[in-house]
Number of protein chains: 2
Amino acid sequence: MGKQMTEMLKGTLEGVVLAVLAERPAYGYEITAWLRDQGFSDIAEGTIYALLVRIEQRRLVDVEKVPSEKGPPRKVYSLNPQGREYLEEFWRTWSFLSERIEQLRKGGR
Amino acid sequence: MGKQMTEMLKGTLEGVVLAVLAERPAYGYEITAWLRDQGFSDIAEGTIYALLVRIEQRRLVDVEKVPSEKGPPRKVYSLNPQGREYLEEFWRTWSFLSERIEQLRKGGR
DNA sequence: TACCGGTACATAGCAACACTGAATACCACC
DNA sequence: GGTGGTATTCAGTGTTGCTATGTACCGGTA
């Protein structure tokens, strides 16, 4: 979508992926496809995989390798308790920021 | 506020400052103080000044030096037509992203 | 005079993140 | 054997906000 979107995704994309995983476990390729479906047409695959590696290293998710019928084995990620806590923190941060920005849009101050 | 906020500000802080300037011209120190007032307690001064330099170089704002009663001269920034256009683009990007994130929060998919 | 604090701006170095581009691997089908 | 969809990985790049520090102007005060 452009440079603005790229910059805006920093910090929020992680929350988006965690929120997706909060609903049900998923693997990288699947998440990428879902995001494209949602209109995030230009999110690079590499971006998602790198993000998954990061949240795995921070112990926010559990990982399970599952054989695929067509292709190499999938790495299925599921949110663990620590991840859910982190996600809540994300929602708090998001609320704070988005409320203030919406205020600004309504010509506030 | 923490690392999450720092990352989330990337891409949005610029829009916030442009939105402030859309209401009325302002200078860096003033903007920093206003942001702190709004609860962005830990936005560094240097961050704002660097941001202002960037948007000036991209010709999104006009600058005027105004003598101050107490301290060095102020650099007063005002949004120009190009900046307003860029701000509209920001709002479009913001809307797209925030709508999808709100959707996610409501347990969507 | 000397010093402090508030005002006001600037900048070098750092860390984090998303993107680009390419590579690898597995499988089915023609 | 080649193509295309599935699935993951990684090195290199650019942008951004933060840290820390420095500079400069001014009024008050001891």
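Note that the structure is predicted; figures quoted are calculated from it, not measured. Lettering follows sequence order; numbering is per chain, from 1.
Each of G71(A) and T6(A) was assigned the nucleotide of DNA chain C with the nearest heavy atom; the assignment lying further toward the 5' end belongs to T6(A). Map A50(A) and P72(A) each onto its nearest nucleotide of DNA chain C; the residue landing nearer the 5' end is A50(A).
Going from atom CD of E14(B) over to atom C1' of dG17(D) covers 12 Å, rounded to whole Å. Going from atom NZ of K10(B) over to atom P of dA15(C) covers 12 Å, rounded to whole Å. Per the geometry, OH belonging to Y27(A) stands 12 Å off C1' belonging to dT8(D), to the nearest Å. In this entry the distance linking CD of E45(B) with C1' of dA20(D) reads 12 Å, nearest Å. Remark: P of dC18(D) and CE of M8(B) are 13 Å apart, rounded to the nearest angstrom. Taking atom OH on Y49(B) and atom P on dA20(D), their separation rounds to 18 Å, with Å as the unit. Between R36(B) atom CZ and dG17(D) atom C1' the separation is 13 Å, expressed in whole Å. Separating the CG atom of L9(B) from the P atom of dC18(D) is a distance of 6 Å, rounded to the nearest angstrom.
With a 6.0 Å cutoff to the six-membered ring centre and a 45° limit on the axis angle, R36(B) does not count as a cation-pi contact of F40(B). Both cation-pi conditions hold for R100(B) and F96(B): the charged atom is under 6.0 angstrom from the six-membered ring centre and inside a 45 degree cone around its axis.
The nucleotide whose nearest atom lies closest to any side-chain atom of E7(B) is, among dA7(D), dT19(D), dC17(C), dC17(C).
With sequence neighbours excluded, the residues satisfying side-chain contact (heavy atoms from CB on, under 4.5 Å) with Q82(B) are R59(B), N80(B).
Among the atoms of the strands shown, only primed sugar atoms or phosphate atoms (P, OP1, OP2) are found under 4.0 Å from some heavy atom of L13(B). Using a 4.0 Å heavy-atom criterion, one finds that G28(B) contacts the sugar-phosphate atoms exclusively. Nucleic acid contact class of G46(B) (heavy atoms, under 4.0 Å, all strands): base.
For the segment residues 56-68 of chain B, residues with any heavy atom less than 4.0 angstrom from an atom of DNA chain D are, sorted by number, R58(B).
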Give every donor-acceptor pair under 3.5 Å between a side-chain atom in residues 69-79 of chain A and any protein atom, sequence neighbours left out.
{"residue": "R74(A)", "atom": "NE", "partner": "Y27(A)", "partner atom": "OH", "Å": "3.2"}
{"residue": "R74(A)", "atom": "NH2", "partner": "Y27(A)", "partner atom": "OH", "Å": "3.2"}

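Counted within 6.0 Å of CD on E102(B), heavy atoms from surrounding residues, nucleotides or ligands total more than 12; the atom is thus considered enclosed.
G28(B) and I48(B) make their closest contact through O-CG2, 4.1 Å (heavy atoms, listed as atom of the first residue, atom of the second, distance).
No N or O donor and acceptor, one from the side chain of K75(A) and one from the base of dA7(D), sit under 3.5 Å apart.
The pair E89(A)-R84(A) does not meet the salt-bridge criterion, since no charged nitrogen lies less than 4.0 angstrom from a carboxylate oxygen.
The phosphate of dC17(C) has OP1 or OP2 within less than 4.0 Å of a side-chain N or O from R54(A).
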